[in-house]
*Asks:* 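I have a structure I would like to understand better, so I am pasting it below and will then ask my questions one at a time.
Below, all heavy atoms of this structure are taken into account, side chains as well, without hydrogens, waters or symmetry copies. Every chain is numbered from 1, with letters handed out A, B, ... down the list of sequences.
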There are 2 protein chains.
Amino acid sequence: MSTVSRVLNGAAAQRVSDETRARILEAAKALDYRPNALARGLRAQRHFSLGIVVPQLDNPVFSSAILGAEAAASALGYSLIISHREPGRAADGEYSRLTSTHRVDGLLVASLDEDRGLIGALEATGVPFVLMNRRIDAAPAVALDSEAAARIGTDHLLDLGHRRIAHLAGRPEGFNGQARLAGYRNALEARGLPFDPSLVEPAGYTVDGGYQGTTALLAKAAPRPTAILAATVVSAAGGLVALHEAGIAVPGQMSMVAIHDAPIAAMVYPPLTTVRTPTEEMGGQAVRLLDRLIGGELATSPALLAPTGLVLRRSTAEPSSSPRA
Amino acid sequence: MSTVSRVLNGAAAQRVSDETRARILEAAKALDYRPNALARGLRAQRHFSLGIVVPQLDNPVFSSAILGAEAAASALGYSLIISHREPGRAADGEYSRLTSTHRVDGLLVASLDEDRGLIGALEATGVPFVLMNRRIDAAPAVALDSEAAARIGTDHLLDLGHRRIAHLAGRPEGFNGQARLAGYRNALEARGLPFDPSLVEPAGYTVDGGYQGTTALLAKAAPRPTAILAATVVSAAGGLVALHEAGIAVPGQMSMVAIHDAPIAAMVYPPLTTVRTPTEEMGGQAVRLLDRLIGGELATSPALLAPTGLVLRRSTAEPSSSPRA
DNA sequence: ACCAGTTGCACAAACGTTTGTTCAGGTGTG
DNA sequence: CACACCTGAACAAACGTTTGTGCAACTGGT
């Protein structure tokens with residue numbers, strides 16, 4: 001029995017004759033033997049399950065990340081326990097259910113509370129973790145290069161000739177929101193254009209936020225901008241609705257470019273030009289990093305994941321009449 | 001120690017003095033004691049985890065169902081292990097990983113292989129299961145009343161005065177596809193209108209399918225229909241794109257109504273009139289039914305979940321010129 | 001031919017619970 | 001007052017693995 005265990009897990013071919021090994025493997029196959037993960041976990045403190053906690057299950061960015069994580073987890077033999085964390089709720093209970101009672105081997109977290117407190121709570125659990133889609137201090141994380149994404153989007157608008165570009169921003173207190181705002185600003189300043197705070201409106205990552213934010217932008221920014229960089233495709237969709245209602249033609253009177261090339265980008269009208277980001281890859285890398293951490297490696301976080309291109313659809317065009325700069 | 005166990009699980013207040021019980025509960029709280037689910041599962045053959053297998057993680061209908069399932073699972077103390085099952089792949093390996101090695105207490109399945117074989121494979125695992133979003137024979141299931149949903153959508157178009165209504169259908173071999181087609185047909189026939197197969201085009205549940213299907217419909221159906229009932233909001237979004245490209249105004253020249261009131265319904269242009277379906281509720285009910293099954297009850301499946309209303313947006317209107325009936 | 005060293009396997013403890021059973025002490029009955 | 005009965009708690013086995021250790025049977029050197 002112990003020999004069987006050694007053969008099946010056999011890291012270093014530990015002192016088992018080839019013949020015995022072969023017999024065991026054959027028998028295991030014949031009986032379709034599956035080790036009981038519970039028993040194994042109880043004894044070995046390891047049972048191949050990962051917890052993943054996300055703030056919005058229905059946000060396409062997270063759907064995609066989960067998809068990538070699930071694929072990688074499955075490939076490495078892990079099961080994925082999903083936990084939907086309501087934006088406002090206290091985190092502690094959530095983590096302890098996963099770590100104390102369910103004893104996951106590791107935690108993938110995309111919480112919205114992006115502060116030191118999160119890191120403290122996670123470290124208190126004692127299990128390895130990796131942050132997904134955000135970065136806090138030096139904690140292990142896999143995130144997107146949001147600054148670059150915003151820069152690419154803004155550059156596209158600048159290349160088309162736009163000079164008055166607004167930014168439908170993310171959460172000003174979040175990692176991605178800040179990075180995107182910085183990318184927007186950097187792209188502008190690289191061409192010697194001023195950064196105008198009145199052209200920035202935080203809108204979060206929901207349809208409704210995008211709608212409200214765009215409405216606010218139209219009300220306060222005068223003269224009206226000729227283009228908008230949206231922090232995410234979801235808020236862009238909301239923004240599009242607001243523009244339609246205001247009777248502003250896209251891209252005739254207003255161009256719009258959004259970050260994240262989710263399926264909905266092709267579903268709205270007009271189809272949105274977007275900056276493609278490797279969200280699925282992010283999920284996969286997060287799982288692989290976590291696996292290394294669990295294995296005891298002091299894995300270093302990879303660099304930020306770079307955007308993978310601009311997807312031209314039909315929401316951007318040259319500014320209509322007044323080439324004002 | 002045994003007494004502690006009895007107190008903490010204590011189904012029927014088994015022979016434990018009130019004083020002892022109080023002391024135990026107090027100590028448990030003071031120590032923040034969390035039973036180890038692995039050990040419990042090993043001994044008691046029950047460890048409060050459920051497997052959920054879905055075909056498309058990024059389909060809003062499933063996102064929503066998962067959301068509902070997660071909430072209910074969490075409320076009942078279960079963890080949810082998610083498994084993304086590629087539409088084409090063989091199922092067996094998937095289920096055995098969940099049941100044999102991970103030993104989930106039950107399975108929630110929304111597979112796309114809706115045949116007897118599925119039931120056989122599931123029964124072979126020996127763990128309780130419930131079908132989600134589909135029904136096969138008498139197997140425990142929680143599904144939507146797709147026939148009613150299609151009827152409501154079609155009735156709305158009929159009420160507006162449309163007489164030539166096409167159906168962008170689902171999968172003809174699937175439970176929902178068939179039920180929606182039946183609802184469409186029944187609504188038509190209830191008003192004495194003929195059912196015309198040339199007005200029906202299968203389009204599946206993807207954006208691209210909706211685009212292709214709508215294009216096919218426009219090519220083959222003459223005279224052109226004045227309205228379309230889409231089997232799902234996702235294919236409707238694709239259909240809208242095809243209509244825009246064909247230069248057909250919505251709702252001016254073509255009305256469109258879709259089943260499922262997902263967030264994207266409000267994001268496309270024009271915002272889609274939809275039939276609201278309780279998808280989140282479906283996930284929750286599925287979990288609660290599964291819980292009862294696990295508890296040994298021979299729970300009967302509830303009736304199909306009825307649609308919860310028509311959501312009027314701006315994709316439907318009276319037919320423009322020719323009130324032809 | 002003896003002994004040390006090595007090899008290959010089996011033994012048994014341990015992981016943290018649940019649950020059937022035993023057992024001491026108290027209670028009621030004849 | 002003795003006996004049977006009940007109550008409440010402790011004992012111990014079991015769940016299916018992993019892993020440290022023991023122990024034969026070989027191997028090779030002297």
*Asks:* If we ignore hydrogens and angles and just use 3.5 Å, is the side chain of A:Thr99 paired with the main-chain N or O of A:Tyr95 as donor and acceptor?
*Replies:* yes
*Asks:* Measuring to OP1 and OP2 of D:dT18, would you say a side-chain N or O of A:Asn9 lies under 4.0 angstrom away?
*Replies:* yes
*Asks:* To the nearest angstrom, how far is B:Arg34 atom CZ from C:dT17 atom P?
*Replies:*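 After rounding, the reported distance stands at 13 Å.
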*Asks:* Identify whether any heavy atom of B:Ser5 sits under 4.0 Å from a base atom; if not, whether one sits that close to sugar-phosphate; answer base, sugar-phosphate or nothing.
*Replies:* base
*Asks:* Using whole Å, what does the distance between atom P of nucleotide C:dT18 and atom CZ of B:Arg103 come to?
*Replies:* 18 Å
*Asks:* Donor-acceptor pair, distance only, cut-off 3.5 Å: does the side chain of B:Arg103 make one with the backbone of B:Ser100?
*Replies:* yes
*Asks:* Is the A:His102 ring parallel, tilted or perpendicular to the B:His102 ring (thresholds 30°, 60°)?
*Replies:*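 The rings of A:His102 and B:His102 lie parallel, inter-plane angle below 30°.
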*Asks:* How many whole angstroms separate atom CG of B:Leu38 from atom C1' of C:dT18?
*Replies:*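 It is 15 Å, rounded to the nearest whole Å.
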*Asks:* In whole Å, I'd like the distance from the CE atom of A:Met1 to the C1' atom of C:dA14.
*Replies:*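 That distance rounds to 11 Å.
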*Asks:* Tell me the closest heavy-atom pair linking A:Gly177 and A:Tyr205, and the distance in Å.
*Replies:* N-OH, 3.3 Å
*Asks:* Over how many whole Å does the gap from B:His102 atom NE2 to D:dG16 atom C1' extend?
*Replies:*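 Rounding to the nearest Å, NE2 of B:His102 and C1' of D:dG16 are 15 Å apart.
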*Asks:* Can you find a donor-acceptor pair, distance only, under 3.5 Å between A:Arg6 side chain and D:dG20 base?
*Replies:*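 Yes, the side chain and the base share a sub-3.5 Å donor-acceptor pair.
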*Asks:* Quickly work out the A:Leu8 CG to D:dG16 C1' distance and round it to whole Å.
*Replies:*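 Distance, rounded to whole Å: 13 Å.
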*Asks:* Ignoring the backbone of A:Asn36, work out which of D:dT17, C:dG8, C:dG16 is nearest its side chain.
*Replies:*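 Within the option list, the nearest is D:dT17.
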*Asks:* Short of 4.0 Å, heavy atom to strand atom, which residues of residues 39-51 of chain A count as contacting DNA chain D?
*Replies:* A:Ala39, A:Arg40, A:Arg43, A:Ala44
*Asks:* Just to be sure I understand the rule, does A:Ser2 reach a base, reach only the sugar-phosphate, or reach nothing, if contact means heavy atoms closer than 4.0 Å?
*Replies:* base
*Asks:* In whole Å, what is the span from the CG atom of B:Asp105 to the P atom of C:dT18?
*Replies:*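 It works out to 13 Å between those atoms.
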*Asks:* Taking the side chain as everything from C-beta on, heavy atoms only, tell me whether A:Met282 gets closer than 4.5 Å to A:Gln285.
*Replies:* no
*Asks:* So for atom CG, which belongs to B:Leu31, do other residues, nucleotides or ligands contribute more than 12 heavy atoms lying within a distance under 6.0 Å?
*Replies:* yes
*Asks:* If you assign each of A:Glu19 and B:Thr3 to its closest nucleotide in DNA chain C, which residue comes earlier from the 5' end?
*Replies:*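 Checking each residue's closest nucleotide, the 5'-ward one belongs to A:Glu19.
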*Asks:* So, do A:Ser63 and B:Ser63 sit near enough that their side-chain heavy atoms are less than 4.5 Å apart?
*Replies:*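 The answer is yes, as the side chains (C-beta and beyond) meet within the 4.5 Å cut-off.
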